[in-house]
Visitor: 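I have a structure here, written as structure tokens, and I will follow up with some questions on it.
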Amino acid sequence: MERKRILPMIISVVLLALSLCLTIGVKFVFHACPMAMGEMGKIMPCHWAEQAVFATGIVLSVMALLMFVFKKSGEKVAISACMIPATVAAMLFPQVTIRLCMMPEMACRTHMRPAVLGITIALIVVECISIIVNFRRDK
């Protein structure tokens, strides 16, 4: 494979890996607090933040898979550009859009939020690189 084809393929693999890391990680590795806490079995608000990030992660994973389906660089630029708002939404769900637990030592604040921020920042960087690489490849 020539260099012009292998770099977009590597970027697509990285996008898929990061999207799957966000999707699977938020459920099994850096998940939020247990769903029900206390005597009343109250559902914690961080549970809904986890669910929102999980759903957004699925959307990002599907979009990353589309990078393998479409071959034209203009289409890849469009997919990468569409991934950015979804990634920003996943970044904002914990604490900004959906409030997390009040106590700073809870799992949602110590594990989930920092991991989601880290992965989404990496995703945004790779998405921007994908736009630049595929845009230049088109010219």
Visitor: Given the rule that I, L, V, M, F, W and Y join up when any side-chain heavy atoms are under 4.5 Å apart, are Ile98 and Met102 in one cluster?
Guide: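 In one cluster with Ile98: Met102, no.
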Visitor: Examine distances only and state if a side-chain atom of Glu50 and a backbone atom of Ala32 form a donor-acceptor pair shorter than 3.5 Å.
Guide: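 It does hold such a pair.
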Visitor: Search all heavy atoms of Arg113 against all heavy atoms of Pro94 and return the closest pair with its distance.
Guide: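 In terms of heavy atoms, the two residues are closest at NE-O, 3.6 Å.
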Visitor: Considering non-hydrogen atoms only, spot the tightest contact between Cys21 and Phe30 and give its length.
Guide: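 Taking every non-hydrogen atom into account, O-CZ, 3.9 Å.
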Visitor: Using the rule that two of Ile, Leu, Val, Met, Phe, Trp, Tyr join whenever any of their side-chain heavy atoms come within less than 4.5 Å, decide whether Ile131 and Val88 are in one cluster.
Guide: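 In one cluster: yes.
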Visitor: Atom CD in Gln95, atom CZ in Arg109: separation rounded to 0.5 Å?
Guide: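 Here the interatomic distance stands at 4.0 Å.
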Visitor: Would you give the length of the straight line joining atom CZ of Phe70 to atom CG of Leu65, rounded to the nearest 0.5 angstrom?
Guide: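 Nearest 0.5 Å value for the CZ-CG distance: 11.5 Å.
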Visitor: Check the hydrophobic clustering (I, L, V, M, F, W, Y; side-chain heavy atoms under 4.5 Å; chains of links allowed) and say if Ile132 and Leu123 are grouped together.
Guide: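 In one cluster: no.
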Visitor: Nearest 0.5 angstrom please: Met83 CE to Met63 CE, how far?
Guide: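 Atom-to-atom, Met83:CE and Met63:CE are 6.5 Å apart.
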Visitor: State the CH2-OG1 distance between Trp48 and Thr97, to the nearest 0.5 angstrom.
Guide: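 The OG1 atom of Thr97 is 16.0 Å from CH2 of Trp48, to the nearest 0.5 Å.
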Visitor: Would you name the heavy atoms of Ala86 and Thr56 that are closest together and state the gap between them?
Guide: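 Heavy atoms of Ala86 and Thr56 come nearest at O-CG2, 3.1 Å.
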Visitor: Any chance you could measure Asn134, atom CG, to Ile129, atom CD1, to the nearest 0.5 Å?
Guide: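 Nearest 0.5 Å value for the CG-CD1 distance: 11.5 Å.
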Visitor: Quick one: closest heavy-atom pair of Thr87 and Thr120, and the distance?
Guide: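 For Thr87 versus Thr120, the nearest heavy atoms are CG2-O, 3.4 Å.
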Visitor: Tell me, with the steps shown, if Cys46 and Met106 meet side chain to side chain contact (heavy atoms under 4.5 Å, CB included).
Guide: CA-CA 10 Å; Cys46 55; Met106 297 299 282; over 6 Å; no
Visitor: Which pair of heavy atoms, one from Ile124 and one from Met91, lies closest together, and at what distance?
Guide: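 Result for this residue pair: CD1-CE, 3.5 Å.
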Visitor: Apply side chain to side chain contact (heavy atoms under 4.5 Å, CB included) to the pair Met67 and Ser80, showing each step before the final yes or no.
Guide: CA-CA 8 Å; Met67 297 285 281; Ser80 297; 3.4 Å; yes
Visitor: With distance as the sole test, does Ser61 use its side chain to make a donor-acceptor pair with the main-chain N or O of Gly57 at under 3.5 Å?
Guide: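 The answer is yes, because a donor-acceptor pair under 3.5 Å joins these two groups.
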Visitor: Decide whether Ile10 and Leu60 are clustered together by the hydrophobic rule: side chain heavy atoms of Ile, Leu, Val, Met, Phe, Trp, Tyr closer than 4.5 Å, transitively.
Guide: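 Yes, one cluster joins them.
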Visitor: Write down the atom of Ser12, the atom of Lys76, and the distance for their closest heavy-atom approach.
Guide: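 That would be OG-NZ, 4.1 Å.
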Visitor: So, do Ser19 and Val62 sit near enough that their side-chain heavy atoms are less than 4.5 Å apart?
Guide: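 Sidechains of Val62 and Ser19: no contact.
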Visitor: Please check if Leu16 and Val13 belong to a single hydrophobic cluster, counting links between Ile, Leu, Val, Met, Phe, Trp and Tyr side chain heavy atoms closer than 4.5 Å.
Guide: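 Yes; tracing contacts between hydrophobic side chains, which count when under 4.5 Å, links both residues.
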Visitor: Is there a side chain to side chain contact (heavy atoms under 4.5 Å, CB included) between Val53 and Leu22 once you walk through the steps?
Guide: CA-CA 8 Å; Val53 172; Leu22 181 68; 3.8 Å; yes
Visitor: Rounded to the nearest 0.5 Å, how far apart are SG of Cys101 and CE of Met112?
Guide: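 That separation rounds to 8.5 Å.
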